[in-house]
Amino acid sequence: MTVSALTGLSVISLLSLGYLSWDWTSPNQVEQPNHPRPHIIFIMTDDQGFNDIGYHNPDIHTPTLDRLAAEGVKLENYYIQPICTPSRSQLITGRYQIHTGLQHSIIRSRQPSCLPFDLRTLPQRLQDLGYSTHMVGKWHLGFYKRECLPTRRGFSTYFGSLTGSVDYYTYKSCDGPKICGYDLHDGERVAWGQGGRYSTQLYTQRVRKILASHDPSSQPLFIYLSFQAVHTPLQSPREYVYPYRRMGNVFRRKYSGMVSAVDEAVRNVTYALRKYGYYKNSVIIFSTDNGGQPLFGGSNWPLRGRKGTYWEGGVRGIGFVHSPLLRRRRRVSRALVHITDWYPTLVGLAGANVSQTERLDGYDMWKTISDGKESPRQEILHNIDPLYNAARHGSLKAGFGIWNTAVQAAVRVGDWKLLTGDPGYGDWTPTQMLGNFPETWWTLERHVEPKKSLWLFNVAHDPYERYDLAEQRPDVVKQLLTRLAYYNRTAVPVRYPSEDPRADPSQNGGAWGPWVGDDENWEAFYPRKRKLKKQKRKFCKMKSYFKRLNMKIVSNRI
């Protein structure tokens, strides 16, 4: 299909973005020769919404991130995935979910699942090119056997949590009632005795230790710093929350404090890069993993939707690149960029070309980011999830005989974005600044369309997805449905096995970790549709509970 007719203007910047000069208060830079292969520091946050950074929202105090972005290249047309595991898998493999079997939900703590073993990961490729590779923070890509662990997937060292969510101080992680365990690991061993230390600061300290102990002139370095912040539970030291004390919404107040804690952590990392001689030959990439969750303090305003949805609020992320190696700095890029693009881009920076035999879905974006060249990417498959609850009013007929619109799927081609099935909660949620706001505020811009299963938007001219053009442009609908059908023919079977009772931490010394022997081959995939429906109903009840709870909160105490 020819896509040139569908391409056009990039997404217009949502907000006026100012530039700040960078004022580093740091020791003298250690002199070193410019290494041909740059040091790469990839920083990822968890659940940070589009409106949760200072250069999009002045109410959020992120001076370090704002300055790094202003001195680098802001990616204002940057897309990630709507939930944790998919984004992380696409970053590390350069492949869409449909090509790794992870197109449904996340990898839960008790599921015997992880990245397919036959795929070479980004850190493995960088190791082949002579890099020293290190990961600090949240993994969330499976750990049921040792071969799944970060240290077996390309990282020389690992320090962090394997599950999807842990307490920031105790490192306790639960996957259901009474199924709880300790989750902090150093390499392949449990890192006991770290309780009481705030994870954002603990992870930053480990990164600085790596930088201090490595010789930047002898070997290039790749560090993947994956903060668990600002995912729930909402926890941070009081000093970060105090500046937001006038915010009436307690969830928003705590969440904002966590963002500021991340900002200080990034400042400490960049300080260390300069102190130990990495900065002049480094590339710093900042990315969130998915949209924010307004029920727990996040904000994607003015975008539609939230974490877990395929509306722009769920898949359009914060991203920027900061590096002295950029040829055109201090600018905003509106080139189309996707999280799968980092794999070939970073491999290219490391001095190698990605082979066509690797069948990546990403593109090398360095010339686009550094030189301002046109993006080689013209389309994005957001996902096709055959296991998600089918849309009640969807059908093959509604999809012109090309595609069953009951299936949850989303694709962007040029300026056009098509959604089918149930894209998820589709409201526009304003940033709530009052703890006792009226109940009607939750449905201020309620957009309920119970009989729809197909939407079409021109996201370049309508980035807030307010004007559905499906009926006016059936020609474009058919073209994008054809692209979905094409991608679906390339999909691999879904990996979503049943939970294994042997994973219970009570049977493994009280900590989460591998529970299946390396010689055991687990390749059973069970959709379990009934249980998924029950989980969805349970979540709806929880959502209603937290709405009521948030409206009752009036206290200004932390």
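Heads up: numbering here begins at 1 and tracks the sequence. Below, all heavy atoms of this structure are taken into account, side chains as well, without hydrogens, waters or symmetry copies.
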TODO: Test Phe286 against His322 for ring-ring contact (aromatic ring centres under 6.0 Å, His included), laying out the working first.
DONE: CA-CA 8 Å; Phe286 184 88; His322 177 94; over 10 Å; no
TODO: Start with the C-alpha gap between Gln479 and Val413, add the side-chain angles, then the distance that decides, and say whether side chain to side chain contact (heavy atoms under 4.5 Å, CB included) holds.
DONE: CA-CA 9 Å; Gln479 288 178 308; Val413 178; over 6 Å; no
TODO: Could you go through the side-chain hydrogen bond (donor to acceptor under 3.5 Å, both in side chains) check for Asn51 and Ser299 one step at a time?
DONE: CA-CA 5 Å; Asn51 197 37; Ser299 175; 3.1 Å; yes
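To the nearest 0.5 Å, atoms CD (Gln228) and CD (Gln235) are separated by 8.0 Å. Distance check, rounded to the nearest 0.5 Å: CD of Gln48 to CD1 of Ile80 gives 10.5 Å. In this structure, NZ in Lys209 is found 9.0 Å from CZ in Phe159, a value given to the nearest 0.5 Å. The CG atom of Asp364 lies 8.0 Å from the NZ atom of Lys367; values are rounded to the nearest 0.5 Å. Taken to the nearest 0.5 Å, the OH atom of Tyr255 stands 12.0 Å off from the CG atom of Asn249. Put simply, OG1 on Thr62 and CG on Asp52 are 9.5 Å apart, with the number rounded to the nearest 0.5 Å.
Summarising the local packing, CG of Asp475 is surrounded by more than 12 heavy atoms from other residues, nucleotides or ligands at distances under 6.0 Å. Enclosure of atom CD in Glu374 is not indicated, since only 12 or fewer non-hydrogen atoms of other residues, nucleotides or ligands lie within 6.0 angstrom.
Tyr310 pairs by the side chain to side chain donor-acceptor pair (under 3.5 Å) definition with Asn383, not counting sequence neighbours. By the ring-ring contact (aromatic ring centres under 6.0 Å, His included) test, His61 is found to be paired with Tyr244, residues two or more places apart in sequence or in another chain being considered. By the side chain to side chain donor-acceptor pair (under 3.5 Å) test, Gln97 pairs with Gln81, Gln90, sequence neighbours left out. With sequence neighbours excluded, no residue forms a ring-ring contact (aromatic ring centres under 6.0 Å, His included) with Tyr203. Residues passing the salt bridge (charged side-chain N to carboxylate O under 4.0 Å, His left out) test with Lys138 are Asp46, sequence neighbours excluded. Taking Arg120 as the reference, Asp128 meet the side chain to side chain donor-acceptor pair (under 3.5 Å) condition, with sequence neighbours excluded.
Within the 3.5 Å criterion, the main-chain N or O of Tyr388 finds no donor-acceptor partner in the side chain of Gln408. A distance-only check finds no donor-acceptor pair linking the side chain of His140 to the backbone of Arg88 [under 3.5 Å].
Geometric assessment of Arg483 against the ring of Tyr487 yields a positive cation-pi assignment under the 6.0 Å and 45° thresholds. Arg306 forms a cation-pi arrangement with Tyr425, by the criterion of a distance under 6.0 Å to the ring centre and an angle within 45° of the ring axis.
Screening Trp416, Tyr467, Trp311 against Trp455 for a ring pair (Phe, Tyr, Trp, His ring centres under 6.0 Å) leaves a single residue, Trp311.
Looking only at side-chain heavy atoms (C-beta outward), His99 and Thr490 come within less than 4.5 Å of each other. Within the 4.5 Å cutoff, side-chain heavy atoms of Trp139 are placed close to those of Ile92.
Aromatic ring pairs are classed by plane angle as parallel below 30°, tilted from 30° to 60° and perpendicular above 60°; the pair His214 and Tyr278 is parallel. Using cut-offs of 30° and 60° for the angle between ring planes, the Phe222 and Tyr224 rings count as parallel.
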